[in-house]
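The next block holds one structure in the form of structure tokens; read it before the comments.
We name chains A, B, ... by the order of the sequence lines, and we start the count at 1 in each one.
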2 protein chains.
Amino acid sequence: MDKTDKTGGVPVPTVADVAAAAGVSTATVSRCLNSPGVVSEKTLKKVLEAVDRLGYAPNFSARALASNRTNMIGAIIPTMENAIFARGLQAFQEELQKNGRTLLVASSSYRSDLEEEQIRALTARGADALLLIGYHRDSRLYEFLEKRRIPYVVAWAYDPAKPHLSVGFNNRAAMRQLADEVIGKGHRKLACISADTAENDRARERVNGIRDAMEAAGLDPASLDIIETSYAIDAGDAAFRALVGAKTPPTAVICGNDVLAVGALRAALALGMNVPEDVSITGFDNIELAGLAPVPLTTVHVPHRRMGQFAAQALLAALGGTPPPHSTELPAELCLRATLARAPAG
Amino acid sequence: MDKTDKTGGVPVPTVADVAAAAGVSTATVSRCLNSPGVVSEKTLKKVLEAVDRLGYAPNFSARALASNRTNMIGAIIPTMENAIFARGLQAFQEELQKNGRTLLVASSSYRSDLEEEQIRALTARGADALLLIGYHRDSRLYEFLEKRRIPYVVAWAYDPAKPHLSVGFNNRAAMRQLADEVIGKGHRKLACISADTAENDRARERVNGIRDAMEAAGLDPASLDIIETSYAIDAGDAAFRALVGAKTPPTAVICGNDVLAVGALRAALALGMNVPEDVSITGFDNIELAGLAPVPLTTVHVPHRRMGQFAAQALLAALGGTPPPHSTELPAELCLRATLARAPAG
DNA sequence: ACAAAAAATGTAACCGCTTACATTCAGTTT
DNA sequence: AAACTGAATGTAAGCGGTTACATTTTTTGT
């Protein structure tokens, strides 16, 4: 306690100071803080009293070094910009906090190369476990994590065939359900605005879900017009204009997420079309925006908060050992609003 | 390299391994990584070669313990739920990343007690610097940070009178500007839906801005109906209903942020009112939602991304020493859309 | 009351890295 | 060639905790 820290700040008390103040050894202080059960009532009280008299707080770097765990959990998400992951991330963080863990965040901007970099960066930083979005990534990375014994959970997707711990929903089935609904309304000429499907398994599965529905309904899946673009309102707007400019414009445009759908909707209205009378538009995610759009969006409700919370619990279980973590499939439910209606006659 | 890590994972190479492989001392390895300038070309190459042959990555906890800096920067924001802080936080993180720092996140749910807890938690975790939102907090906390010599930046607000490093805009002046515009449209009976002003200086300043405008226009500031509520769409909806139920309902409802405004707008439309013919509604922030609401929202545009980026730069400067950091006032500009119009005759 | 078992506490090594200081080495200067 | 530099490298002492193991204290059984 008598030495000032390197930056000239105020001296910060250490275990040794607390030990001295309480008249015990540093080991006992450490035990009082980490496994209070094994020390006697009397010393526990004595030590805790000293702790808060001195305002002691353990140095996490030292603790991390000695115990080989940082109590930090990393999350690598495609973006924090819009609400797609924000709610889930918030829930994830709340759950971690409740359990004394801290959240490390990095964003990959939907790029695999950046994601890889971030995974390595966060593990180097000592993240005890990781939250990852979707399954698509180089198998090298999965091997890296397995070798290092770093627990991870794949969220926002659920595929029982995949060997990874995951918490999410079946993107393909959810979109299939929505597409069934669309087709049930008499739409025959469908189009789709999607994120890049090459590196984004959720986007890919959603498109597959549409194809499944078409096939089941006797429509040719190849007749589905697909535009792949980035997840932005303007991109949705532009894509929609391209689609309706085609020789046989679709009567329904199924979008890979709500952001694209809102962009498409904006374009439709700007072009003087009536939604849903002239064209139906659907989204995916059910972010706040969806219910508040100029025409409330028909979409698929994704259980953001529960996903975040369950993902945190799964990782904590994986770290703590008990009970063993298990993958969880959460339901994604149709959310029917105003942008979907019967196909115009013709 | 011959010992396996505690969890039974694969052995992770250490400086000692690299040193042995390169035939130098650990000090030299450390220097190659941290100040390559002071070692000879030859050894540098030798060491770097060994580093990537062994796949060595420094252990950050050890590094942090030894060097007394973690290269992690903490951000404590009220919420990640909606887009209010998300864009800024994303920009903040990008800038940190570009400079080899990692972002630690905690959210306070707009509660001072939780914020205090988080500030202490993140500093205990070793955050080298902190991003804080707004000025309002116990002076004990500021003293704590000063004593510990932990740089911090206050963002989303800018008040030259405050002694803290800050990056943001003048909430009062920005709202004043908007209120001037509202009053200029002939509105005389104003109301305001705000977040709690007791613990939220940004909310408070915004309300003060409205009062400034009223005073300047010869209106009695005391005639401003204020409802304080939480930042949620439903809260805005409920507050609006309460306001229009009064004996002399306002012709313009100025909301503390876009989320509240969208709620108010929803309520107005649900009540069968025409916006802006029957009532004007304004927001604040210009989040994505604002431009896409059923009636596009008149609001104040806040430079989210630049704030995040500048805040990061200011902290990096404070840590690096050069150049010395300085507070920055960014402009917040009026964003006139459809929800504001002339007051109805009467 | 005494030995044995159990519980509580202390001692000290170690986690992996940085860095002050000591040492070595190569190049100048005289 | 000796003495003197300054640059490059090595040695080893921490950084602040945790924890295996040793030791002391308390409890239990007879």
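Taking atom CZ of residue Arg69(B) and atom P of nucleotide dT18(C), one finds them 12 Å apart after rounding to whole Å. Across the protein-nucleic acid pair, Asn59(B) atom CG and dT18(C) atom P stand 10 Å apart, rounded to whole Å. Atom pair Leu65(B):CG and dC15(D):C1' shows a separation of 4 Å (rounding to whole Å applied). The interatomic distance linking Asn34(B) (CG) with dA8(D) (C1') rounds to 17 Å, in whole Å. Rounded to a whole Å, the CG atom of Asp17(B) is 13 Å from the C1' atom of dC17(C). In this structure, Asn68(B) places its CG atom 11 Å from C1' of dG16(D), rounding to the nearest Å. The distance from atom CZ of Arg63(B) to atom C1' of dC15(C) is 16 Å, rounded to the nearest whole Å.
Partners of Phe310(A) under the ring-ring contact (aromatic ring centres under 6.0 Å, His included) rule, at least two apart in sequence or in another chain, do not exist in this structure. Arg137(B) meets the salt bridge (charged side-chain N to carboxylate O under 4.0 Å, His left out) test with Glu115(B); sequence neighbours excluded. With sequence neighbours left out, Arg306(B) forms a salt bridge (charged side-chain N to carboxylate O under 4.0 Å, His left out) with no residue at all. Residues forming a ring-ring contact (aromatic ring centres under 6.0 Å, His included) with Tyr110(A) (at least two apart in sequence, or on another chain): Tyr231(A).
Mapped onto DNA chain C by nearest heavy atom, Lys46(A) and Ala62(A) fall at different nucleotides, with Lys46(A) at the one closer to the 5' end.
With hydrogens and angles left out, the side-chain atoms of Gln118(B) and Ser108(B) include no donor and acceptor closer than 3.5 Å. With no hydrogens or angles considered, a side-chain donor-acceptor pair links Tyr152(A) and His164(A) at under 3.5 Å. Between the side chains of Glu94(B) and Gln309(B), no donor-acceptor pair is found at a separation under 3.5 Å. No donor-acceptor contact under 3.5 angstrom links the side chains of Tyr56(A) and Thr14(A), judged on distance only.
Scanning all heavy atoms of the two residues, the minimum distance from Pro13(A) to Leu54(A) falls at CG-O, 3.5 Å.
At its two ends the helix from dA1(C)-dT30(D) to dT30(C)-dA1(D) runs along axes set 30° apart, each axis drawn from five pairs and the angle rounded to 10°.
Distances were taken from every side-chain heavy atom of Ser67(A) (C-beta onward) to each of dG16(D), dT18(C), dT18(D); the shortest belongs to dT18(D).
Put simply, Thr14(B) has no side-chain N or O that comes within less than 4.0 Å of OP1 or OP2 on dG16(C).
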Can you tabulate the close N/O pairs, meaning under 3.5 Å, that link protein atoms to atoms of nucleotides 9-14 of chain D?
| unit_1 | atom_1 | unit_2 | atom_2 | d |
| --- | --- | --- | --- | --- |
| dT9(D) | OP1 | Ser40(B) | OG | 3.0 |
| dT9(D) | OP1 | Thr43(B) | OG1 | 3.0 |
| dT9(D) | OP2 | Ser40(B) | N | 3.0 |
| dT9(D) | OP2 | Thr43(B) | OG1 | 3.1 |
| dG10(D) | OP2 | Ser25(B) | N | 2.9 |
| dG10(D) | OP2 | Ser25(B) | OG | 3.1 |
| dG10(D) | OP2 | Thr28(B) | OG1 | 2.7 |
| dG10(D) | N7 | Arg31(B) | NH2 | 2.8 |
| dG10(D) | O6 | Arg31(B) | NH1 | 3.2 |

